[in-house]
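Report on the structure given below.
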Amino acid sequence: MPDEDERVIRPGFNARVYEVVRRVPAGRVTTYGDVAAVLGSPRVARQVGFALAALADDDVPWHRVINARGAISVRGDTARCVLQQALLEQEGVVFDAAGRVDLSTFRWRPEDD
DNA sequence: GGTTTGACCATAA
DNA sequence: CTTATGGCCAAAC
């Protein structure tokens, strides 16, 4: 009975989120739902956001994770939203007038890894 | 160990 | 197009 993972990271879920986000290449974006789906359940999208909220590692490109609408979610912290868009534009991601990203172009999937 | 919350998502109006 | 409601799951209190 396999209770051991390849990399047993303590927190469990949030660590897996970080692993997936680290795989996102520069110039691409992914959605919370996609990350959640990779982890096993598309319903844990909220948890993905929560995990990134508690993030403190500079090794994780959290700014490459946006919501399914292609927009940056802001829940009380607008500063992060602006920073995120700036970082993405630095990597080549383009925002439209509504501040949204064309997911058809920049959406990244693990299979593309 | 139950309750609350949360960077979401899908559907309905 | 926007706004409102339900749900789902894991971590924090």
Side-chain angles (χ1 to χ4, degrees):
Chain A
M1 308 271 309
D3 60 36
E4 51 200 309
D5 268 315
E6 304 164 358
R7 308 186 177 106
V8 49
I9 316 175
R10 288 198 312 232
F13 196 88
N14 64 19
R16 288 186 181 176
V17 175
Y18 305 149
E19 287 289 308
V20 175
V21 176
R22 277 181 199 163
R23 292 180 184 174
V24 181
R28 300 270 176 175
V29 293
T30 186
T31 66
Y32 299 98
D34 269 9
V35 175
V38 174
L39 296 178
S41 300
R43 317 303 199 331
V44 296
R46 306 181 94 184
Q47 213 54 36
V48 174
F50 196 66
L52 294 178
L55 227 182
D57 294 304
D58 299 333
D59 300 321
V60 182
W62 55 269
H63 52 268
R64 291 176 194 155
V65 184
I66 58 181
N67 60 17
R69 294 178 182 174
I72 302 175
S73 299
V74 184
R75 184 93 175 179
D77 214 327
T78 318
R80 179 189 54 238
C81 170
V82 178
L83 174 63
Q84 181 167 10
Q85 181 172 340
L87 289 171
L88 289 176
E89 286 178 330
Q90 257 182 41
E91 296 179 348
V93 180
V94 180
F95 285 77
D96 68 354
R100 296 193 291 202
V101 181
D102 187 354
L103 292 176
S104 305
T105 305
F106 295 103
R107 192 172 192 183
W108 172 84
R109 308 193 239 181
E111 66 183 37
D112 189 36
D113 185 12

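These numbers were taken from a predicted model, which means no experiment stands behind them. A note on names: the letters A, B, ... follow the listed sequences, proteins ahead of strands, and every chain is numbered from 1.
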Point to revise | Presence of donor-acceptor pair under 3.5 Å, side chain of A/Arg46 and base of B/dC8 | key: yes

Exercise for review: Mind calculating the distance between CG (A/Asp34) and P (B/dC8) to the nearest angstrom?
Suggested key: 15 Å

Check your understanding: Between A/Asn14 (CG) and B/dG6 (P), how many Å, whole number?
Key -> 17 Å

Check your understanding: Less than 4.0 Å between a side-chain N and a carboxylate O, is that true for A/Glu91 and A/Arg64?
Key -> yes

Practice item. Would you indicate what A/Ala68 reaches in the nucleic acid, counting non-hydrogen atoms under 4.0 angstrom: base, sugar-phosphate, or nothing? Key: sugar-phosphate

Check your understanding: A/Val93 and A/Phe95: side chain to side chain contact (heavy atoms under 4.5 Å, CB included), yes or no, with the steps?
Key -> CA-CA 7 Å; A/Val93 180; A/Phe95 285 77; 4.2 Å; yes

Check your understanding: So, A/Tyr18 side chain and A/Ala51 main chain: donor-acceptor pair closer than 3.5 Å or not?
Key -> yes

Practice item. Looking only at side-chain atoms of A/Asn67, point me to the closest of C/dC9, C/dA11, B/dC9. Key: B/dC9

**Study point:** For atom CZ of A/Arg43 and atom C1' of C/dA11, their distance in whole Å
**Key:** 20 Å

Review point. Separation of A/Leu55 atom CG from C/dA11 atom P, in whole Å?
Key: 14 Å

Exercise for review: Could you check how far CZ of A/Arg69 sits from P of B/dA7, rounded to whole Å?
Suggested key: 15 Å

**Study point:** Pair A/Arg22 + A/Glu19: basic N to acidic O under 4.0 Å
**Key:** yes

Practice item. Take the protein atom OH of A/Tyr32 and the nucleotide atom P of B/dC8, then report the distance between them rounded to whole Å. Key: 6 Å

Check your understanding: Taking atom P of C/dA11 as reference, at what distance in whole Å does atom OH of A/Tyr18 sit?
Key -> 10 Å

Revision key, fill the gap. Side-chain atoms of A/Trp62 come closest, of B/dC9, B/dA7, C/dA10, to B/dA7

Point to revise | Closest-nucleotide ordering on DNA chain C, the 5'-leading residue of A/Ala54 and A/Arg100 | key: A/Arg100

Study note, to complete from the structure: Residue pair A/Ile66/A/Gln47 against DNA chain B: nearer the 5' end by closest nucleotide is A/Gln47

Check your understanding: For A/Ser41 and C/dC9, is the shortest distance between a side-chain N/O and OP1 or OP2 below 4.0 Å?
Key -> no

Study note, to complete from the structure: Rounded to whole Å, CG of A/Leu52 lies from P of B/dA7 at a distance of 11 Å

Point to revise | Backbone of A/Asp34 reached by a side-chain donor or acceptor of A/Thr31 within 3.5 Å | key: yes

